[in-house]
Amino acid sequence: MTTEHLLIIRFSALGDVAMTVPVIYSLAHQYPNLRITVLSRPNMKVLFENIAPNVGFMAANIKDEYSGIRGLNKLYRRLLAKQFTAVADFHGVLRTHYLRLRFNMGNFKVEHIDKHRQGKRELTAEKNKKLIQQPTSFQNYADVLAKLGYPVKLQFTSIFPQEGGNLRLLPDKLSQKRDFQQWIGIAPFAAHKGKMYPLELINEVINILINNHPSCRIFLFGGGTKEKEQINTIVEKHPINCISVPDQLKGMNQELILMSHLDCMVSMDSANMHLASLTNTPVISVWGATHPYAGFLGWNQNPDNIVQLNLNCRPCSIYGSKPCMRQDFACMRNINPDTIAERVENVLKNR
């Protein structure tokens with residue numbers, strides 16, 4: 001009897017891939033005899049390494065080795081050798097559409113994601129906007145599995161045990177959390193300006209938090225060279241309380257360990273919201289051009305921790321990439337720093 005072997009395809013941004021984890025975890029534990037292979041970009045491997053024994057990972061660099069039709073044909077031949085019995089396209093773009101076409105021609109069971117584009121168009125319309133909650137990405141992924149004959153009940157808490165990741169794997173400076181300390185993460189960056197709370201206002205949030213909790217440690221998350229420079233500017237103003245995560249840690253695995261020990265995370269609508277969610281850390285999420293109704297709120301996050309303004313123009317974009325029609329980014333700039341700090345306080349009181 002042939003062992004059922006499911007291929008799940010999801011490339012794209014880190015946050016989108018991170019949102020597959022609760023679904024794949026649920027699938028793996030509810031179908032322990034099903035082999036599962038996740039196909040994604042190489043740097044996503046850490047998200048799937050310890051999900052379950054029946055989950056494997058396959059890396060594919062679609063911008064280099066597997067770019068273009070020739071590259072996709074090469075990738076298809078490599079996939080064919082794995083003897084999959086079904087294919088789940090969690091991405092639904094031209095590249096994965098082509099791979100689906102090849103698998104369909106080979107008479108494989110193939111299903112793909114429904115992105116509910118019409119509902120999202122109505123959500124972001126300039127006129128006759130319809131503020132209706134769209135199905136979450138988690139549900140959209142689960143729907144693909146159901147169509148393939150693998151209905152799942154979404155059950156997931158964290159990629160780590162209840163006590164969190166092993167702090168001893170981090171540098172000495174971060175290897176121990178004192179009982180009297182509040183550990184707060186702040187991820188102030190996002191891919192687009194419409195999704196970023198201004199850094200000068202982030203500074204005000206930090207001032208309030210330090211004033212309320214003089215012994216707290218505030219961990220600032222970011223990636224690129226420019227972001228590191230901006231983080232270091234903040235750290236220079238608060239050298240006792242603030243720590244630059246990119247200067248201290250190496251790689252996503254260490255960042256996830258640290259996130260699992262935070263009392264809370266302040267994040268934009270960005271990948272760090274989703275990474276923190278995978279470690280069962282409460283996230284105060286700040287939304288501007290985008291909106292939780294599009295279905296991208298972090299896994300199991302409390303809606304009470306969402307910070308956003310009611311403006312007629314919101315949301316103007318699903319991914320935050322459109323220019324601000326008001327040209328003043330009021331959706332972010334008009335959020336009072338006290339509001340964010342108060343949400344943090346509410347979370348800390350209930351920890």
Side-chain angles (χ1 to χ4, degrees), residues 13 15 19 116 119-137 184-209 211-212 218 220-222 230 234 264-274 276-277 281-350:
M19 292 182 82
H116 301 278
K120 289 175 180 176
R121 279 193 290 268
E122 294 173 350
L123 183 65
T124 57
E126 290 186 35
K127 297 179 180 179
N128 301 317
K129 187 185 294 292
K130 295 182 180 179
L131 284 175
I132 298 173
Q133 175 69 58
Q134 299 301 300
T136 67
S137 290
I184 302 166
I186 297 183
F189 304 105
H192 306 288
K193 187 174 180 180
K195 294 169 60 171
M196 276 184 57
Y197 194 55
L199 287 178
E200 64 269 22
L201 298 180
I202 285 288
N203 259 306
E204 292 187 34
V205 174
I206 291 172
N207 286 331
I208 297 169
L209 294 176
N211 184 63
N212 291 343
I218 296 176
L220 295 158
F221 291 78
Q230 292 172 318
I234 297 174
C264 69
M265 168 75 93
V266 177
S267 177
M268 309 301 107
D269 171 20
S270 67
N272 281 302
M273 172 180 64
H274 296 294
S277 299
T281 294
V283 178
I284 289 83
S285 55
V286 186
W287 300 73
T290 58
H291 198 290
Y293 277 5
F296 300 115
L297 182 64
W299 170 257
N300 206 29
Q301 290 299 327
N302 187 342
D304 290 342
N305 293 332
I306 293 170
V307 177
Q308 59 183 339
L309 295 177
N310 291 324
L311 297 176
N312 291 335
C313 56
R314 284 195 65 241
C316 63
S317 174
I318 294 299
Y319 304 109
S321 55
K322 293 182 179 179
C324 175
M325 63 182 70
R326 290 174 48 129
Q327 299 184 333
D328 62 355
F329 294 96
C331 57
M332 280 296 192
R333 289 196 169 275
N334 290 359
I335 294 174
N336 193 315
D338 286 323
T339 301
I340 298 175
E342 286 169 7
R343 299 295 173 87
V344 173
E345 292 300 324
N346 290 338
V347 171
L348 295 178
K349 288 176 184 176
N350 294 314

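Computed from a predicted structure; not experimentally measured. These values consider heavy atoms only, across backbone and side chains, with no hydrogens, waters or symmetry-generated copies. Position 1 is the first residue of the sequence; numbering continues from there.
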Side-chain contact test, heavy atoms from C-beta onward, threshold under 4.5 Å: evaluate it for [X] versus [Y] and give yes or no.
{"X": "Asn305", "Y": "Val283", "value": "no"}
{"X": "Val205", "Y": "Val266", "value": "no"}
{"X": "Pro188", "Y": "Tyr197", "value": "no"}
{"X": "Leu220", "Y": "Ile206", "value": "yes"}
{"X": "Lys193", "Y": "Met332", "value": "no"}
{"X": "Leu297", "Y": "Ser285", "value": "yes"}
{"X": "Leu123", "Y": "Leu131", "value": "yes"}
{"X": "Ile340", "Y": "Ile208", "value": "no"}

Look only at the side chain of [X] and the backbone of [Y], and say whether a donor-acceptor pair between them is shorter than 3.5 Å.
{"X": "Gln301", "Y": "Ile284", "value": "no"}
{"X": "Arg343", "Y": "Ile306", "value": "yes"}
{"X": "Lys130", "Y": "Glu122", "value": "no"}
{"X": "Lys129", "Y": "Ala125", "value": "yes"}
{"X": "Ser321", "Y": "Ser317", "value": "no"}
{"X": "His291", "Y": "Tyr293", "value": "yes"}

Ignoring hydrogens, what is the shortest heavy-atom contact between [X] and [Y]? Give both atom names and the distance.
{"X": "Gln308", "Y": "Pro292", "value": "OE1-CD, 3.5 Å"}
{"X": "Lys120", "Y": "Phe296", "value": "NZ-CZ, 3.7 Å"}
{"X": "Ala271", "Y": "Gly15", "value": "CB-N, 3.8 Å"}
{"X": "Cys331", "Y": "Gly194", "value": "SG-O, 4.4 Å"}
{"X": "Lys195", "Y": "Tyr319", "value": "CD-O, 3.2 Å"}
{"X": "Pro337", "Y": "Glu204", "value": "CG-OE1, 3.5 Å"}

Please step through side-chain contact (heavy atoms from CB on, under 4.5 Å) for the pair Asn272 and Phe189, ending with a clear verdict. CA-CA 9 Å; Asn272 281 302; Phe189 304 105; over 6 Å; no
Atom pair [atom1]/[atom2] of [X] and [Y] - distance to nearest 0.5 Å:
{"X": "Thr290", "Y": "Arg314", "atom1": "OG1", "atom2": "CZ", "value": "7.0 Å"}
{"X": "Asn300", "Y": "Ser277", "atom1": "CG", "atom2": "OG", "value": "8.5 Å"}
{"X": "Cys264", "Y": "Asn346", "atom1": "SG", "atom2": "CG", "value": "10.5 Å"}
{"X": "Leu209", "Y": "Ile184", "atom1": "CG", "atom2": "CD1", "value": "4.5 Å"}
{"X": "Met196", "Y": "Asp269", "atom1": "CE", "atom2": "CG", "value": "13.0 Å"}
{"X": "Thr136", "Y": "Gln134", "atom1": "OG1", "atom2": "CD", "value": "11.0 Å"}

Take a 6.0 Å sphere around CD of Glu200 and say whether it holds more than 12 heavy atoms from other residues, nucleotides or ligands.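 Check passes, neighbour count above 12.
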Salt bridge (Lys or Arg N to Asp or Glu O under 4.0 Å) partners of Asp328, counting only residues at least two apart: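 For Asp328, the residues satisfying salt bridge (Lys or Arg N to Asp or Glu O under 4.0 Å) (neighbours in sequence not counted) are Arg326.
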Kindly write out the residues that satisfy side chain to side chain contact (heavy atoms under 4.5 Å, CB included) with Leu309, not counting sequence neighbours, or none if the list is empty.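 With sequence neighbours excluded, Leu309 shows a side chain to side chain contact (heavy atoms under 4.5 Å, CB included) to Leu311, Asn334, Ile335, given in chain and number order.
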